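Here is the structure we will look at, set down as structure tokens.
Note that ligands are numbered from 1 as they come in the structure, with each ligand's atoms numbered from 1 the same way. Heavy-atom basis, side chains included; hydrogens, waters and symmetry copies ignored. Computed from a predicted structure; not experimentally measured.
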Amino acid sequence: MSSNPCAVAGASDQAGPADHLAPVYAQFPLDIVGASGVHLATRDGRRVLDLYGGHAVAALGYGHPRWVAALARQAESLHFQSNAVPLEVRARAAERLIRFAALPLETVFLCNTGAEANENALKLALRITGRRKVVAVEGSFHGRTAAAGAVTWGAAKKWYGFPQAPFDVEFLPRRDEGAIARVVGADVAAMIVEPVQGVAGAVDLGAEWLAALHARCAATGTLLIFDEVQCGMGRTGHPFAANLYGVTPDMITTAKALGAGFPCAALMMSARVARALATDDLGTTFGGGPLACAMMEAVIDIIEQDRLLANVRRLGALLRESCVVGPVLGVQGAGFLAGLRTRRPAKDVHRELLARDILTGTSADPNVVRILAPYVLEERHILELKDALAGLPP
Ligand SMILES: Cc1ncc(COP(=O)(O)O)c(C=O)c1O
């Protein structure tokens, strides 16, 4: 029998391929065969409004013509060369990302996943400072590799498979100003924080607290890392949450919406960090490959040309104004990293919305439904969500 709940719930009348996939994912009961715009098409003919975007990845929705054309163009001209050769498309992608961010971060290391970007950021901080302790924030999620998992809240109990963390780790209570000076001392190499926590349930840590963290890091020589894998690349309605809050860290990691479906990630760094780099300090085979770079460039072009940041800000505000109905008590987070705080268990609301052909996400908070909508969403889609929520039991 299949251990894959999607296969069970989906292709009931079709003999699909045998299931050889590792049984490690809980899956939505959806058998998706295609997608277009902001809608998913299922094998049984449903058209589902996607407000979750594949864990915050599908920022441009599906089949965006300029995204597709950029991929095809690059695939036809040069689909791969490693970092052992200079490529114009790679230089352009880095320049485009730095210009998009408009922050005093001048250097980019291109890699493949959010966890890999965080792993490299932490490695650099430990090496530059010569210290062996990292501070993270309660509720954080930074990825599943050795270092990223070590700074992920609750990982040690739930899934961290390594016998020990590669450095000392302490967790800071969220938004607790008094705790900052107590925990972030001169022995701390890096402070890693998601300015808007994603997996935790769209928890906005706020400009004031982030500024206090920044000040403490500056005073103690600790490198401040913003993990913007989920909240970056326009998701808050600003290039990065660092722009939204007016706080510039020493490093920003980003992924997910960066390629809008093409796997890629980036670590942006300040001059202080970049100065410490020499040949061979960091590396990856696939990171910064020409396809990834063409897609980063295309994604930024589309976000800017189609004024998608303004769209996220406008519709993010509409979501907050209109969707506190039915089981929803309030909306937290920023832009399209939004958490609907529900009176009833979020998993029930999520299931009821899916039965009405609206896909949302849940989170680590049992009372938060997560909205990670594509930036190309339209007003009518928010109103569709509002009407569906209003029709649910409170
Ligand atoms: C804030 C944050 N950091 C890091 C990661 C890990 O990214 P990846 O799965 O690409 O390694 C995630 C993934 O959900 C994330 O939300």
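For Ser140 (side chain) and Trp153 (main-chain N/O), a donor-acceptor pair under 3.5 Å exists by modelled atom type. Judged by distance alone, with hydrogens and angles left aside, the side-chain atoms of Trp67 form a donor-acceptor pair with the main-chain N or O of Gly259 at under 3.5 Å.
No more than 12 heavy atoms of other residues, nucleotides or ligands shown are found within 6.0 angstrom of NE2 on His55.
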Check ligand 1 against the protein and report each N/O to N/O distance under 3.5 Å, formatted as atom name, atom name, distance.
from, atom 1, to, atom 2, distance (Å)
ligand 1, 3 (N), Phe141, O, 3.3
ligand 1, 3 (N), Asp227, OD1, 3.2
ligand 1, 3 (N), Asp227, OD2, 2.7
ligand 1, 10 (O), Gly114, N, 2.9
ligand 1, 11 (O), Gly114, N, 3.4
ligand 1, 11 (O), Ala115, N, 2.9
ligand 1, 14 (O), Lys256, NZ, 3.0
ligand 1, 16 (O), Gln230, NE2, 2.9

For Asn112 and Thr284: C-alpha separation, side-chain torsions, deciding distance, then whether side-chain hydrogen bond (donor to acceptor under 3.5 Å, both in side chains) applies. CA-CA 8 Å; Asn112 302 283; Thr284 157; 3.0 Å; yes

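At least one side-chain heavy atom of Leu87 sits under 4.5 Å from a side-chain heavy atom of Val85.
If you look at His238 and Tyr245, their ring centroids are not closer than 6.0 Å.
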